[in-house]
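Single-structure report; data block below.
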Amino acid sequence: MKKYTNTGSKDTRSGFGAGMTELGQKNENVVALCADLIGSLKFDDFKKNHPERFFQIGIAEANMIGIAAGLTIGGKIPFTGTFANFSTGRVTINSSSVAYSDKNVKICASHAGLTLGEDGATHQILEDIGLMKMLPGMTVINTCDYNQTKAATLALADHHGPAYLRFGRPVVPNFMPADKPFVIGKAIMLNEGTDVTIIATGHLVWEALVAAEALEAKGISAEVINIHTIKPLDEEAILKSVKKTGCVVTAEEHNIIGGLGESVSRTLVQNHLLPQEFVAVNDSFGESGTPDQLMEKYKLNNQAIVEAVEKVIKRK
């Protein structure tokens, strides 16, 4: 199997910040809006270098989305930034207005999922992907590491239409090539295999690669696909893989209801029905703890993926 190397763990929100810094230099139409979380969203450099294109809205997330929608009318490309819980659950009505009118707003959200850790259940939103993918016309992206988050940020500036970009706070392995272009809606084959397809997104992509190595030692050949774009979903890549392997495991840091797994299930039901197992939060809220503790308790790690693979293979 192809080996991916951790070139140094970094937080994905810093990848967003690096992308915004580069966009500030390359595209004068890019503007940034923040809901009182400049440091948390890594907007510092953009604000320093382009103060005339940075807007501090304060703790008024819904208003921020509305202002961003208005800025698009003048040809600007607004990137909004706050925590995922406030970017989605708190302002869904405003996001719906953005989608309904096809406004070119990029809703960028940090601190998503259980890996937010000690902040607890009130901030660990696990339903944001479901909320956003149900909005017609909304592109939904969930990146796996620093390099991919930076690349996705750059790609969104060239993509017309409303989009949701999800990333996180903890440091995670940085393993995707820094020079790999980000193509919205196109899955990335990380490892070819013949016995099972593992489809992962976000922080679970690295865990899937670790799981694939463990499975190889057990004599199981796992195909690993990085689905960074939940919507539009790369159904072609998924179907090509599962028709070869005959079964699939989906892995995500999200509620089992409404996330990547359900999107894959719909694709299978409509095109090529076969066994599927889910690695996801089993319809519950999170709790306080370190990211590693929570990922282990809620079974969102490489060991859980290995167990799911062994289970789904028996169902073939």
Side-chain angles (χ1 to χ4, degrees), residues 10-88 90-112 128 132 135 137-141 143 146-169 178-179 181-182 184:
K10 298 181 180 181
D11 53 307
T12 50
R13 59 176 173 160
S14 289
F16 169 70
M20 290 303 298
T21 295
E22 187 169 328
L23 283 177
Q25 299 166 349
K26 293 170 57 175
N27 193 330
E28 63 181 13
N29 284 322
V30 169
V31 297
L33 299 85
C34 188
D36 202 30
L37 291 167
I38 296 172
S40 294
L41 269 293
K42 304 300 180 181
F43 274 135
D44 309 75
D45 285 346
F46 190 97
K47 179 187 176 184
K48 177 182 177 181
N49 296 320
H50 313 285
E52 76 287 355
R53 287 193 271 144
F54 179 84
F55 304 93
Q56 174 59 275
I57 309 303
I59 307 174
E61 294 84 2
N63 191 37
M64 177 175 67
I65 301 297
I67 293 171
L71 286 167
T72 66
I73 297 173
K76 300 303 180 184
I77 307 172
F79 283 70
T80 69
T82 185
F83 292 169
N85 201 17
F86 306 144
S87 290
T88 59
R90 191 172 184 182
V91 298
T92 301
I93 293 176
N94 295 65
S95 299
S96 179
S97 297
V98 165
Y100 181 74
S101 55
D102 193 36
K103 291 292 189 292
N104 195 27
V105 176
K106 317 305 176 185
I107 302 171
C108 306
S110 182
H111 293 58
D128 56 318
M132 300 306 279
L135 294 174
M138 181 70 70
T139 293
V140 179
I141 295 171
T143 50
Y146 173 96
N147 285 340
Q148 190 170 74
T149 306
K150 179 182 178 181
T153 304
L154 296 174
L156 279 176
D158 295 324
H159 170 78
H160 180 82
Y164 177 61
L165 174 61
R166 184 198 214 229
F167 42 93
R169 179 174 72 178
D179 59 350
F182 188 91
I184 295 172

CG of Asn104 to OG1 of Thr72: how many Å apart, nearest 0.5 Å? 7.0 Å
Taking the side chain as every heavy atom from C-beta outward, state whether Thr153 and Met20 have any pair of such atoms under 4.5 Å apart. yes
Under 4.5 Å between any side-chain heavy atoms of Lys103 and Ile73, yes or no? yes
Tell me, do Leu156 and Ile141 make a side-chain contact under 4.5 Å, heavy atoms counted? yes
Testing the basics here: between Phe43 and Gly81, what is the closest heavy-atom pair and its distance to 0.1 Å? CE1-CA, 3.9 Å
Check the orientation of His50 and Phe46. Use parallel for under 30°, tilted for 30 to 60°, and perpendicular for over 60°. tilted
Distance in Å, Cys34 SG paired with Met64 CE, rounded so as to fall on 0.5 Å steps: 7.0 Å
Are side-chain heavy atoms of Lys106 and Leu165 found at a separation under 4.5 Å? no
What is the distance from atom CG of Leu154 to atom CZ of Phe182, rounded to the nearest 0.5 Å? 10.5 Å
Surrounding NZ of Lys47 (heavy atoms of other residues, nucleotides or ligands, distance under 6.0 Å), is the total greater than 12? no
Would you please say whether a donor-acceptor pair under 3.5 Å links the side chains of Thr149 and Thr143? yes
Taking every heavy atom of Ala84 against every heavy atom of Ala109, the minimum-distance pair comes out as CA-CB, 3.5 Å
Inter-residue atom distance Asn63.CG - Ile57.CD1, 0.5 Å rounding: 6.5 Å
Residues Ala69 and Val98: closest non-hydrogen pair is CB-CG2, 4.2 Å
Sole candidate of Ile77, Leu23, Leu71 that passes side-chain contact (heavy atoms from CB on, under 4.5 Å) when paired with Asn29: Ile77
Side chains of Arg13 and Leu41: does their closest heavy-atom pair fall under 4.5 Å? no
Residue Gln56 excluded, over 12 heavy atoms near CD under 6.0 Å: yes
Locate the shortest heavy-atom distance separating Glu28 from Lys76; write the atom from each residue and the value. O-NZ, 4.1 Å
Would a distance-only check, ignoring hydrogens and angles, find a side-chain to backbone donor-acceptor pair under 3.5 Å from Arg53 to Gly24? yes
Please tell me if the side chains of Asp102 and Pro162 come closer than 4.5 Å, counting only heavy atoms from C-beta onward. yes
To the nearest 0.5 angstrom, please state how far the SG atom of Cys108 sits from the CZ atom of Arg166. 14.0 Å
Heavy-atom closest pair (Gly168 atom, Asp11 atom, distance to 0.1 Å) is O-CB, 4.4 Å
Ser40 versus Ser110, closest heavy-atom pair with distance: O-OG, 4.3 Å
Any side-chain heavy-atom pair of Glu22 and Lys150 under 4.5 Å: yes
Which of Leu33, Val31, Val30, Ile107 passes side-chain contact (heavy atoms from CB on, under 4.5 Å) with Phe79? Answer is Val30
Output every pair passing ring-ring contact (aromatic ring centres under 6.0 Å, His included) with a member in residues 146-168, not counting sequence neighbours, ordered by first then second residue. Phe16-Phe167
Look up atom CG in Asp158 and atom NZ in Lys26, then write down how far apart they are to the nearest 0.5 Å. 7.0 Å
